[in-house]
Structure formats: C-alpha cells, structure tokens
Asks: 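Sending over a structure as structure tokens; questions will come in a sec.
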Amino acid sequence: MAGWVRAARRTAASIGLAAALLTTAVACTGDDNASTGGEVSAGQGVIGEAPVAGEADLAASPTAQAIKARGTLVIGGDENLPLLSQRNPITGSTDGFDATLGKMLAKYIIGRPNVNIVTTTPETREAMLKTGTVDAVIRIYTITAERAQRVAFAGPYLLSGQAIATLKGTTGIDDPGDLNGKTVLAVAGTTSVAAIQQRAPGAKITTFGTAEECVQALEQGKGDAYVHDLTVLAGEAQLDSKLQISGQPFTSEPYGIGLKLDDDSFKRFVNDWLRKIEAAGLWQRAWQETLGTVVTGGVPSPPAIGSVPGS
C-alpha cells in the first residue's frame with residue numbers, strides 16, 4: 001500500500017506518461033464493443049485473449065443464457081473513475097481496471113465484449129440489481145456481510161483501503177485520529193462514512209453524491225480532508241496536481257461484483273470466470289495496464305474468491 005501513496009505523488013512527467021497510456025486511441029461502437037479500428041485501447045489486448053464460456057458453462061446459468069441471447073451485458077458502473085472506469089472523450093472507449101473486467105466478462109458470456117454501462121451510485125446500485133436494470137455492478141463495490149443480505153457478491157476481485165486526501169501543503173493530517181475536530185468530505189452511501197465514524201468519531205462529516213463533488217468541495221475550502229478508497233484517490237491525484245494523499249490506508253476494502261440476490265447459479269458462473277482469468281494471468285495483465293501504470297511495488301496477487309464475509 002505504501003507504494004500506492006508514493007505513486008499518487010509522482011512527478012508531472014510520470015503522470016503525463018500514465019495518462020497517455022490510458023488514452024491510447026481506439027475506434028469503438030456505441031456500447032463499448034470490440035475495436036473496429038487499427039489501434040487498441042488500454043486493456044484491449046487482454047480482452048482479445050480472454051476466454052469464452054463453453055456450452056456446459058452457459059447451461060449452468062439461466063441468467064448467463066439470457067444475457068447471451070440479448071447480446072449485451074448491462075453493467076452498473078461509472079465512466080468517470082480514472083484508472084478504474086473512465087470514458088475517453090476522443091475515442092468513446094471506456095478504459096480502466098473495472099472496465100476491462102466488464103468487457104472480459106461480456107466476452108466470456110456473449111463471445112464479444114459488448115457492454116452497456118449504466119451509471120450507478122452507491123445509493124442506486126442495490127435497487128438497480130433488485131429490479132434487473134443491470135446484470136452486475138462493477139464499481140468499487142466493497143463486500144460487507146450487511147450488504148450481502150441485499151445483494152450477492154462474486155469475488156472479491158480486488159483489495160483496496162480507505163485513505164485520506166488533502167490539498168498539497170496541508171500538514172498535521174496523517175492518520176485517522178488527526179481527522180477529529182476537522183470537516184471531512186466523503187461520498188454518500190460509501191464505506192468511507194462508516195470508516196470515518198469509527199476511526200475519527202470527533203470529525204464532522206459532509207457528504208456529496210460523487211467523488212468529483214468531494215474534490216471540488218475540498219478545493220473550495222469546504223472541508224479539511226477527503227476520505228475515499230485509495231484506488232479512487234490515486235486516480236484523482238494523478239489528474240489533479242492540487243491533491244496529496246496523506247499517510248497510509250487505514251482499512252481493508254475487498255471489492256466484489258454485485259449480483260442479484262439469490263441467483264446462486266450466476267454467482268458461481270461469475271466466480272468460475274474470475275478463477276479462469278486469474279489462472280491465465282489476464283487479471284494480472286489488466287491490473288498492469290491500468291492501476292499498474294501509477295502503482296509501484298509489483299502486481300498484487302488476486303484475492304482469494306470467497307475469502308471475506310459476504311462473498
């Protein structure tokens with residue numbers, strides 16, 4: 001984790017290089033389908049090598065069969081999370097670690113990486129799963145036992161942790177205890193809120209609907225610090241030279257793929273797919289081409305599937 005903090009503080013030259021890697025051009029169709037041009041977006045090479053489910057695999061999941069018949073995987077996600085899922089305004093492709101996983105899952109089910117990303121927030125994702133508006137949520141969705149009473153989780157597929165961001169030049173805020181007596185910004189409905197309440201009960205918490213609003217509020221002086229998952233903060237610090245990440249992550253956040261509750265066969269199907277891409281080294285390559293462009297310290301090992309309560 002210490003390497004993640006150092007990475008977010010890289011020089012402008014390194015940041016520019018990482019941004020260039022993320023914006024490698026691609027000609028894409030409307031729903032983030034496979035490339036139709038000669039150039040390749042971040043993660044596209046991995047997607048080209050991603051597996052496709054066999055008939056026996058599909059037969060075990062009515063949900064997977066229905067998605068294949070439809071021809072598009074509908075994912076609850078985001079298109080404004082650098083390094084995770086961000087739409088390139090020039091190419092129209094959505095790139096990043098989560099976005100690459102979504103395309104690989106679509107290819108596994110359909111045979112092509114046909115994805116329709118429906119914007120979700122922490123406050124809407126459970127309802128979208130319950131109503132069938134989306135097939136899965138791949139959007140830094142931390143697995144908890146309490147959440148698992150309302151949705152099912154495949155994975156975990158990535159480990160992160162809550163961290164503290166401040167404006168550059170801010171001193172005296174290095175760990176959660178330093179947040180007591182301060183105004184702390186967080187995204188509503190996220191585990192960040194509970195983490196602040198637990199580790200800094202004397203903090204005043206102000207919430208906003210998105211990470212972008214939190215960054216804007218911090219720059220406007222509406223808060224002393226901003227707490228979010230380190231994966232999110234790393235992407236934001238990469239793009240915004242005014243931010244710094246203070247101290248070390250102070251929680252463990254296992255991300256899961258959110259699925260409709262009680263669809264056990266689809267959960268097994270998705271977990272089997274995760275095992276296949278991990279065993280083939282595709283998970284590791286997706287990480288290298290996205291988060292790994294700014295995170296130092298080598299490629300982490302994928303977390304063991306089913307290893308946390310609620311998964």
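In what follows, every heavy atom counts, from backbone to side chain, and hydrogens, waters and symmetry copies are set aside.
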Asks: Sequence neighbours left out, what passes salt bridge (Lys or Arg N to Asp or Glu O under 4.0 Å) with Arg285? Give chain and number order.
Replies: Glu49
Asks: Could you pull out all residues at least two apart from Gln149 that satisfy side chain to side chain contact (heavy atoms under 4.5 Å, CB included)?
Replies: none
Asks: Check the hydrophobic clustering (I, L, V, M, F, W, Y; side-chain heavy atoms under 4.5 Å; chains of links allowed) and say if Leu105 and Trp283 are grouped together.
Replies: yes
Asks: Is it true that Arg70 and Asp135 make a salt bridge, defined as a side-chain N closer than 4.0 Å to a carboxylate O?
Replies: yes
Asks: In this structure, are over 12 heavy atoms from other groups packed under 6.0 Å from Glu212 atom CD?
Replies: yes
Asks: With salt bridge (Lys or Arg N to Asp or Glu O under 4.0 Å) as the rule and sequence neighbours excluded, what pairs involving residues 173-188 come up?
Replies: none
Asks: Under a 4.0 Å N-O cut-off, is there an ion pair linking Asp264 with Lys267?
Replies: no
Asks: Which ring pair (Phe, Tyr, Trp, His ring centres under 6.0 Å) pairs, counting each pair once, include a residue from residues 123-148, with sequence neighbours left out?
Replies: Tyr141-Phe153
Asks: Would you call Val187 and Cys214 a side-chain contact if the rule is heavy atoms closer than 4.5 Å?
Replies: yes
Asks: Would you say Trp273 and Met104 make side-chain contact, with heavy atoms under 4.5 Å?
Replies: yes
Asks: Apply side chain to side chain contact (heavy atoms under 4.5 Å, CB included) to Val118 and list each qualifying residue two or more places apart in sequence or on a separate chain.
Replies: Val74, Asn116, Met128, Val134
Asks: Which atoms form the tightest heavy-atom contact between Ala136 and Leu259, and what is the distance?
Replies: CB-CD2, 3.7 Å
Asks: Side-chain donor-acceptor pair under 3.5 Å between Asp98 and Tyr255, yes or no?
Replies: no
Asks: What closest approach, in Å, do His228 and Ala211 show between heavy atoms, and which atom pair accounts for it?
Replies: CD2-CB, 4.2 Å
Asks: How would you list, by chain and number, every residue that makes a salt bridge (Lys or Arg N to Asp or Glu O under 4.0 Å) with Asp78, sequence neighbours excluded?
Replies: Arg139
Asks: Quick check: do Ile109 and Phe266 have side-chain heavy atoms less than 4.5 Å from each other?
Replies: yes
